[in-house]
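Below is one structure, written out as structure tokens; the observations come after it.
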Amino acid sequence: MSDAQSSPSNFLDFSGKTALVTGVLDQHSQAWSIAKYLHDAGARVALSIQRKAMRRLMGDIPKLLGDPLIVECEVGKDEEIHKALTEVGQAFGHIDILIHSIGYAPPRSFEHRFVEITREDFALAMDVSAYSLIALARGALPFMRERGGSILALTYLAGERVIPGYQLMSITKAALDNVIKNLAYDLGQQRIRVNGLSPGPNPSRAATSIPGFSLMQEHVKEFSPLQCEIMNDDVGKAALFLCSPLAEKITGEIIHIDGGYNIMGMTLQRPEGRE
Ligand SMILES: NC(=O)c1ccc[n+]([C@@H]2O[C@H](COP(=O)([O-])OP(=O)(O)OC[C@H]3O[C@@H](n4cnc5c(N)ncnc54)[C@H](O)[C@@H]3O)[C@@H](O)[C@H]2O)c1
């Protein structure tokens with residue numbers, strides 16, 4: 001069937017597809033929205049969580065996802081990554097979709113000036129937030145290489161521009177953006193697409209721990225072309241598109257979900273009389 005003959009809705013049918021979604025912490029997580037959209041579209045979804053003890057924060061999530069396989073995976077440890085990917089890969093037979101929705105910088109690194117960032121904090125934040133995408137992709141490769149796949153990572157505009165307050169996390173996002181592009185090049189030969197989603201500020205547990213977060217959220221709402229709030233639901237929708245055959249020729253891209261905020265060179269009040 002040619003693309004012209006097939007209905008676009010067929011492209012959003014994920015029956016027979018499998019997905020490993022990392023980073024579901026609670027109902028405010030970007031990863032929760034992505035897992036929900038993938039599940040509702042028919043995919044078999046597995047989750048990985050940092051520590052078993054965090055499971056209680058998930059509330060009804062496992063029930064809403066049809067009691068999925070949940071594996072433990074602290075991404076700072078290669079052996080845990082290997083064990084988690086092998087468990088999911090063997091349970092599913094193959095992994096079509098891998099979602100990387102993980103970020104961390106020590107809280108103390110937000111409390112001082114950028115110039116005071118320590119070598120120790122830098123290494124830890126980069127390891128967890130950026131290197132982990134390489135390690136997870138490598139772990140998924142044996143289960144993706146046969147039929148290709150889609151890898152998606154959550155990034156943020158602070159990797160491209162200066163966002164005051166985002167501090168050390170900014171450097172990890174710049175690195176993550178580059179990892180996305182280099183993985184897209186490296187894995188393209190196996191028909192594995194690698195893309196990034198860059199949402200505007202929306203109130204997850206990680207985001208609200210950043211000092212001044214609510215100011216960032218209000219600012220984007222006021223000055224973005226669409227003057228909208230970003231909800232984690234918006235992230236799920238964009239993820240579904242990028243993981244679907246509708247996006248089969250898209251790789252190495254970073255798509256902003258921010259009401260257009262990223263195109264602005266200067267944010268000023270709209271002139272009087274203009275809506
Ligand atoms: N919320 C936003 O406004 C926003 C905007 C742009 C990008 N993002 C990105 O989205 C991603 C998910 O964040 P979120 O906002 O959903 O917050 P969240 O707190 O719900 O998710 C962060 C996740 O990272 C996991 N994590 C942290 N350290 C880990 C480790 N060592 N091993 C395994 N997992 C670890 C946590 O367990 C948690 O599940 C992050 O990469 C974040 O930077 C968020």
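By convention here, the first residue in the shown sequence is residue 1.
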Can you give each donor-acceptor pair under 3.5 Å made by side-chain atoms of residues 199-209, sequence neighbours left out, with the distance rounded to 0.1 Å?
| residue | atom | partner | partner atom | Å |
| --- | --- | --- | --- | --- |
| N202 | OD1 | Q30 | NE2 | 2.9 |
| N202 | ND2 | Q30 | OE1 | 3.1 |
| N202 | ND2 | G200 | O | 3.2 |
| S204 | OG | A207 | N | 3.1 |
| R205 | NE | D26 | OD2 | 3.2 |
| T208 | OG1 | S204 | O | 2.8 |
| T208 | OG1 | R205 | O | 3.3 |
| S209 | OG | A206 | O | 2.6 |

Smallest separation among heavy atoms of I254 and T155, with atom names: CG2-CG2, 3.8 Å

Closest contact, heavy atoms only, S224 versus K221: OG-O, 4.1 Å

Exam field: side chain S48 to backbone E72, donor-acceptor pair closer than 3.5 Å: no

Worked verdict on N178 versus N182 for side chain to side chain donor-acceptor pair (under 3.5 Å): CA-CA 6 Å; N178 193 274; N182 273 286; 2.8 Å; yes

Side chain R193, main chain T251, donor-acceptor under 3.5 Å: no

Aromatic centroids of Y166 and Y156 separated by under 6.0 Å: yes

More than 12 heavy atoms from other groups under 6.0 Å of CE on M126: yes

Nearest non-hydrogen partners of V128 and H100, listed with the distance: O-NE2, 4.4 Å

Within 6.0 Å of CZ in R145, more than 12 heavy atoms from elsewhere: yes

Minimum-distance pair of heavy atoms, taken over all atoms of I210 and G165: CG2-O, 3.7 Å

Exam field: side chain S129 to backbone Y104, donor-acceptor pair closer than 3.5 Å: yes

Over 12 non-hydrogen atoms of neighbours within 6.0 angstrom of CD in E146: no

Main-chain N/O of E111 paired to Q167 side chain as donor or acceptor, under 3.5 Å: no

Exceeds 12 heavy-atom contacts within 6.0 angstrom, atom CZ of R119: no

Check: E74 side chain, G76 main-chain N or O, donor-acceptor pair, under 3.5 Å: yes

K36 atom NZ, neighbour heavy-atom count above 12 within 6.0 Å: yes

Whether over 12 other heavy atoms sit under 6.0 Å from H112 NE2: yes

Whether D13 side chain and N10 backbone form a donor-acceptor pair below 3.5 Å: no

Neighbour count above 12 (heavy atom, 6.0 Å) for Q189 CD: yes

